[in-house]
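Note on naming: letters A, B, ... go to the chains in the order of the sequence lines (proteins, then strands), and numbering restarts at 1 for each one.
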2 protein chains.
Amino acid sequence: MRLTLYTDYSLRVLLYLADKEGEIVTISELADFFKISRNHLVKVVHNLGLKDYILTTRGRHGGLKLARPAKEILIGAVVRATEPDFDLLECFNPKTDHCVITRSCSLKSVIFNAQAAFLGELDKYTLADMANAPKKALPSFKSIPIVHS
Amino acid sequence: MRLTLYTDYSLRVLLYLADKEGEIVTISELADFFKISRNHLVKVVHNLGLKDYILTTRGRHGGLKLARPAKEILIGAVVRATEPDFDLLECFNPKTDHCVITRSCSLKSVIFNAQAAFLGELDKYTLADMANAPKKALPSFKSIPIVHS
DNA sequence: CATTAATATATATCCTGAATGCATCTTATT
DNA sequence: AATAAGATGCATTCAGGATATATATTAATG
């Protein structure tokens with residue numbers, strides 16, 4: 001169970017922009033700060049622009065900034081907008097589903113509701129809650145992270 | 001956001017065994033029924049044996065069956081036991097984390113709690129709830145599935 | 001209005017890991 | 001013994017995530 005680096009990077013970019021709310025930031029500045037591939041960031045930023053999370057301006061003195069106040073951007077919405085898919089089980093995608101028990105199986109709805117719970121939990125927080133917030137003010141880990149051999 | 005086919009297959013195997021609680025089932029029978037690779041199933045079954053979800057016996061008239069009553073097997077526990085990892089963000093794995101804001105970032109705990117919500121939702125149901133249960137008795141989809149272009 | 005600094009976009013390549021196949025064990029029953 | 005089952009390790013395939021490169025486009029500025 002993973003999210004893609006795309007989503008990870010998308011969240012980092014928005015976090016950075018929220019920290020500097022109002023300021024214009026360039027992709028190069030982001031790449032420098034996070035020490036990650038500028039090329040990769042270009043696509044992340046492009047996608048965030050398409051999904052109306054940021055405003056981009058080209059040309060000299062161009063750059064990007066949040067399209068909306070940080071407190072209006074839900075974390076869950078960002079994840080929904082950046083993950084390529086949410087095909088948790090084969091049967092989630094009718095195009096590729098070959099499971100012989102899809103019709104009678106009740107697992108699908110249970111897993112789907114779990115996914116809804118996941119995103120719902122994320123929707124409890126906004127970018128503003130994350131940016132510059134003292135770490136201790138946020139919910140702490142409720143249990144020990146799961147580790148597999 | 002995905003689960004692996006391993007997890008998907010693991011759930012299908014357990015579902016099948018729950019349907020036939022008590023009976024001995026062979027890997028070949030499972031492969032035939034689900035029309036999936038026997039080789040792949042061998043490993044799925046092996047892992048389920050290691051994690052004490054099933055009992056396997058070799059030799060003629062061997063096969064597998066649930067190690068515990070279906071009503072004692074939580075769906076969430078199965079997912080935890082079969083997914084290779086739960087590294088939702090880069091910072092979830094200290095071995096590979098290179099994020100420069102890990103220390104001050106509060107996203108980690110929020111995503112972690114969302115993951116806990118996901119598994120917690122799955123822990124509300126047991127294998128027995130899934131097996132042979134009329135589909136309508138289970139919670140239905142709460143919203144329209146998310147579709148991405 | 002040409003230059004330049006920025007983003008936009010397409011194409012190509014690399015690389016990991018999931019998925020699968022294959023061959024050879026080991027075990028247990030008959 | 002022979003047979004039918006799972007156990008195990010290694011090899012291979014393949015998709016897709018991650019990254020790089022190149023070029024186009026846009027807009028500010030002197």
OG1 of B:Thr56 to CG of B:Leu50, rounded to nearest 0.5 Å, is 9.0 Å
| task | Considering only NZ, NE, NH1 and NH2 on the basic side and carboxylate oxygens on the acidic side, decide whether B:Asp123 and B:Arg80 come within less than 4.0 Å. | result | yes
Under 3.5 Å, which donor-acceptor pairs do the side chains of residues 94-101 of chain A form with other protein atoms, sequence neighbours left out?
from    : atom 1 : to       : atom 2 : distance (Å)
A:Thr96 : OG1    : A:Asn93  : O      : 3.4
A:Asp97 : OD1    : A:Cys99  : N      : 2.9
A:Asp97 : OD1    : A:Thr102 : OG1    : 3.4
A:Asp97 : OD2    : A:Thr102 : OG1    : 2.7
A:His98 : ND1    : A:Thr96  : O      : 3.0

When rounded to whole Å, the CD to C1' distance for the pair B:Glu83 and C:dA18 reads 11 Å
A:Lys65 meets the side-chain contact (heavy atoms from CB on, under 4.5 Å) criterion, sequence neighbours left out, with A:Ile24, A:Leu55
(request) Answer yes if the side chains of A:Thr82 and A:Ser10 hold a donor-acceptor pair under 3.5 Å, and no otherwise. (result) no
Residues in residues 5-16 of chain B with a heavy atom under 4.0 Å of DNA chain C, by number, are B:Leu5, B:Tyr6, B:Tyr9
Hits for side-chain contact (heavy atoms from CB on, under 4.5 Å) against B:Val42, two or more places apart or cross-chain, chain-then-number order -> B:Ile27, B:Arg38
Rounded to whole Å, the CD1-C1' distance (B:Ile36 to C:dA19) equals 12 Å
From CG of A:Leu41 across to C1' of D:dA18 the rounded distance in Å is 12 Å
Taken to the nearest whole Å, CG/B:Leu3 to C1'/C:dA19 is 16 Å
Here the pair of heavy atoms bringing A:Ala18 nearest to A:Leu127 is CB-CD1, 4.2 Å
For residues 39-65 of chain B, the ring pair (Phe, Tyr, Trp, His ring centres under 6.0 Å) pairs (sequence neighbours left out) are B:Tyr6-B:His40, B:Tyr9-B:His40
To the nearest angstrom, the NZ-P distance between B:Lys35 and C:dT20 comes to 16 Å
(Q) Between A:Glu83 and B:Arg2 (salt bridge meaning N to carboxylate O under 4.0 Å), is one present in this structure? (A) no
Separation of D:dA5 atom C1' from B:Lys65 atom NZ, nearest Å, is 16 Å
Rounded to whole Å, the CG-C1' distance (B:Asp87 to C:dA18) equals 15 Å
Separation of D:dA15 atom P from A:Asn93 atom CG, nearest Å, is 15 Å
Scoring nucleotides 4-17 of chain C by protein non-hydrogen atoms under 4.0 Å (B base, S sugar-phosphate only, - none) yields -BBBSB-B------
